[in-house]
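See below for the structure under consideration.
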2 protein chains.
Amino acid sequence: MASQTATDWTAHTTEALAKAGYRSSAAREEVIAAIAELGCSITAREIADLLRERGSGVGLASIYRALDLLDRLGLVQRFDVGEGVARYEAALPGGDHHHHVVCDSCGTVEPFEDEELERAIHGLESRTDFAISAHDVTLHGECPSCRARD
Amino acid sequence: MASQTATDWTAHTTEALAKAGYRSSAAREEVIAAIAELGCSITAREIADLLRERGSGVGLASIYRALDLLDRLGLVQRFDVGEGVARYEAALPGGDHHHHVVCDSCGTVEPFEDEELERAIHGLESRTDFAISAHDVTLHGECPSCRARD
DNA sequence: GTGAATGCAAACTCTTTGCATGACT
DNA sequence: AGTCATGCAAAGAGTTTGCATTCAC
């Protein structure tokens with residue numbers, strides 16, 4: 001159902017932008033489509049590459065501006081796994097919540113989710129004096145392919 | 001015991017570098033001293049500022065080179081909390097293990113530790129096909145001062 | 001003396017911003 | 001028409017690298 005989810009997100013995002021008073025624009029629609037298509041944990045460069053590949057004239061600045069807007073509206077999640085590059089992924093409100101495991105050898109990023117981990121974090125939130133609004137967990141290691149190669 | 005720990009780390013680090021065959025050097029010693037002094041979650045710029053302030057002639061490049069070396073030897077931990085800036089802190093082998101909570105309003109970074117969280121992560125490690133070697137957890141929210149100010 | 005480590009400056013990457021042009025309502 | 005959004009190019013910030021010099025062994 002991944003593609004169904006992506007479709008949902010695209011529609012929801014377009015609608016949310018309109019509701020928030022933003023004009024529709026070809027560039028932004030292309031960025032949104034690219035995010036839906038590329039899936040989890042993507043970079044601005046990956047979006048730019050995909051769009052250029054299909055002959056789009058969307059500039060890098062517009063990609064960053066779209067990502068920034070979507071992030072501020074909570075429509076994408078921005079994070080990073082320690083590479084010095086921002087990563088993004090579609091955020092379905094109330095949708096799935098996952099974290100990432102990174103292969104330090106080849107850079108592959110994969111999602112995972114864990115109920116016990118979430119429970120531990122929620123327990124923690126009540127014990128700190130910060131008002132916690134979000135959390136990120138990143139595991140670092142070596143992926144199966146790289147392990148086999150060594 | 002924080003200062004004692006810092007002293008331990010400084011001595012251990014100097015010794016580990018020597019054992020690994022690296023020459024002693026004034027620049028590196030100054031960087032190591034700065035890390036011990038500045039404590040948890042510091043940036044290269046903060047080290048540079050401290051060293052410049054005390055009249056040191058150590059260049060930024062040497063700071064980055066020292067941090068890179070120490071990171072590769074596991075003597076410092078490198079991480080980031082989503083600002084696009086690398087942060088570092090002394091890593092005592094087998095020593096304390098903590099994570100960070102960031103105030104998204106003022107940028108304050110504070111450490112925390114939680115046994116249940118660690119348990120959840122370790123449980124997870126055995127269920128993934130990656131060979132996990134490290135993990136980072138970052139909580140985002142608003143610190144008490146910023147909450148009061150709003 | 002030899003090679004590692006340094007400092008400086010230039011190069012690089014990622015991201016943001018200024019500004020004139022073009023597009024949506 | 002009046003703005004908002006875009007594309008381009010330039011600016012910025014953080015980090016890395018090339019190279020001649022200095023320093024440790």
Side-chain angles (χ1 to χ4, degrees), chain A residues 13-35 41-52 54-73 75-76 78-88 107 109, chain B residues 13-35 41-52 54-73 75-76 78-88 107 109:
Chain A
T13 297
T14 301
E15 186 186 351
L17 286 174
K19 258 184 194 139
Y22 294 95
R23 291 183 179 170
S24 109
S25 90
R28 208 141 55 194
E29 290 302 320
E30 287 181 53
V31 173
I32 291 169
I35 295 169
S41 190
I42 61 178
T43 63
R45 170 161 295 283
E46 287 164 354
I47 295 172
D49 288 346
L50 176 63
L51 294 187
R52 180 153 22 76
R54 51 170 70 146
S56 164
V58 174
L60 202 40
S62 297
I63 294 173
Y64 279 108
R65 280 190 276 237
L67 288 169
D68 181 56
L69 175 61
L70 295 175
D71 180 41
R72 278 185 287 114
L73 295 181
L75 296 163
V76 302
R78 179 184 185 157
F79 63 96
D80 72 81
V81 297
E83 315 150 300
V85 185
R87 290 187 168 270
Y88 303 84
V109 178
Chain B
T13 296
T14 302
E15 185 186 352
L17 285 174
K19 256 184 194 140
Y22 294 95
R23 293 183 178 173
S24 108
S25 91
R28 209 140 56 194
E29 291 301 322
E30 288 181 52
V31 173
I32 292 170
I35 295 170
S41 190
I42 61 179
T43 64
R45 170 161 295 281
E46 287 164 354
I47 296 173
D49 289 346
L50 177 64
L51 294 186
R52 180 154 23 75
R54 54 169 69 147
S56 164
V58 174
L60 203 39
S62 297
I63 294 173
Y64 278 108
R65 281 190 277 237
L67 287 169
D68 181 58
L69 175 61
L70 294 175
D71 181 42
R72 278 185 285 115
L73 295 180
L75 296 163
V76 302
R78 178 183 186 159
F79 62 97
D80 70 82
V81 296
E83 317 151 299
V85 185
R87 291 187 168 268
Y88 303 84
V109 179

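Not measured: the values here are computed from a predicted model. What you see below is based on every heavy atom in this structure, not just the backbone, and it leaves out hydrogens, waters and symmetry mates. Below, chains carry the letters A, B, ... as their sequence lines are ordered, and counting in each starts from 1.
Taking both residues in full, the closest heavy atoms of A:Arg28 and A:Ala66 are given as CG-CB, 4.0 Å, listed atom of the first, atom of the second, then distance.
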> Taking it one step at a time, do B:Leu51 and B:Val31 satisfy side chain to side chain contact (heavy atoms under 4.5 Å, CB included)?
Replying inline: CA-CA 8 Å; B:Leu51 294 186; B:Val31 173; 4.3 Å; yes
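For the 3.5 Å distance criterion, the side chains of A:Thr43 and A:Arg87 fail to qualify, holding no donor opposite an acceptor.
To the nearest angstrom, P of C:dT6 lies 10 Å from CD of B:Glu29. Whole-Å rounding puts the A:Leu60 CG to C:dT17 P distance at 14 Å. One atom, CD of A:Glu83, and another, C1' of D:dG14, lie 15 Å apart when rounded to the nearest Å. A:Glu30 has its CD atom 16 Å from the P atom of D:dA5, to the nearest Å. Rounded to whole Å, atom P of C:dT16 lies 13 Å from atom CD1 of A:Ile63. Whole-Å rounding puts the A:Arg78 CZ to C:dC14 C1' distance at 10 Å. Whole-Å rounding puts the A:Leu67 CG to C:dT15 C1' distance at 11 Å. In this structure, B:Leu51 atom CG and C:dC8 atom P are separated by 13 Å, rounded to whole Å.
Between B:Ser62 and C:dA5 there is no side-chain polar atom (N or O) within less than 4.0 angstrom of OP1 or OP2. The shortest distance between the side-chain N/O atoms of A:Tyr64 and the OP1/OP2 oxygens of C:dT16 is not below 4.0 Å.
Put simply, the side chain of A:Glu30 never gets that close to the backbone of A:Ala27: no donor and acceptor are under 3.5 Å apart. In terms of modelled atom types and a separation under 3.5 Å, the side chain of A:Arg23 and the main chain of A:Ala18 share no donor-acceptor contact.
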> Nucleotide by nucleotide, 5' to 3', does protein get under 4.0 Å of the base (B), only the sugar-phosphate (S), or neither (-) in nucleotides 18-25 of chain D, counting heavy atoms?
Replying inline: B-----BS
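Closest contact between the side chain of A:Arg28 and the listed nucleotides C:dT6, D:dT6, D:dT15 involves D:dT6. Picking from C:dC14, C:dG7, D:dT15 the nucleotide with the shortest atom distance to the side chain of B:Val58 gives C:dG7.
Using a 4.0 Å cut-off between a side-chain N of Lys or Arg and a carboxylate O of Asp or Glu, A:Asp49 and A:Arg52 qualify as a salt bridge.
Side chains of A:Leu70 and A:Ile32 form a contact here, defined as non-hydrogen atoms less than 4.5 Å apart. Side-chain contact between B:Leu60 and B:Ile63 is present, with at least one heavy-atom pair separated by less than 4.5 Å.
For the segment residues 41-50 of chain B, residues with any heavy atom less than 4.0 angstrom from an atom of DNA chain D are, sorted by number, B:Arg45.
Partners of A:Phe79 according to the ring pair (Phe, Tyr, Trp, His ring centres under 6.0 Å) rule, which considers only residues two or more places apart in sequence or in another chain, are A:His100.
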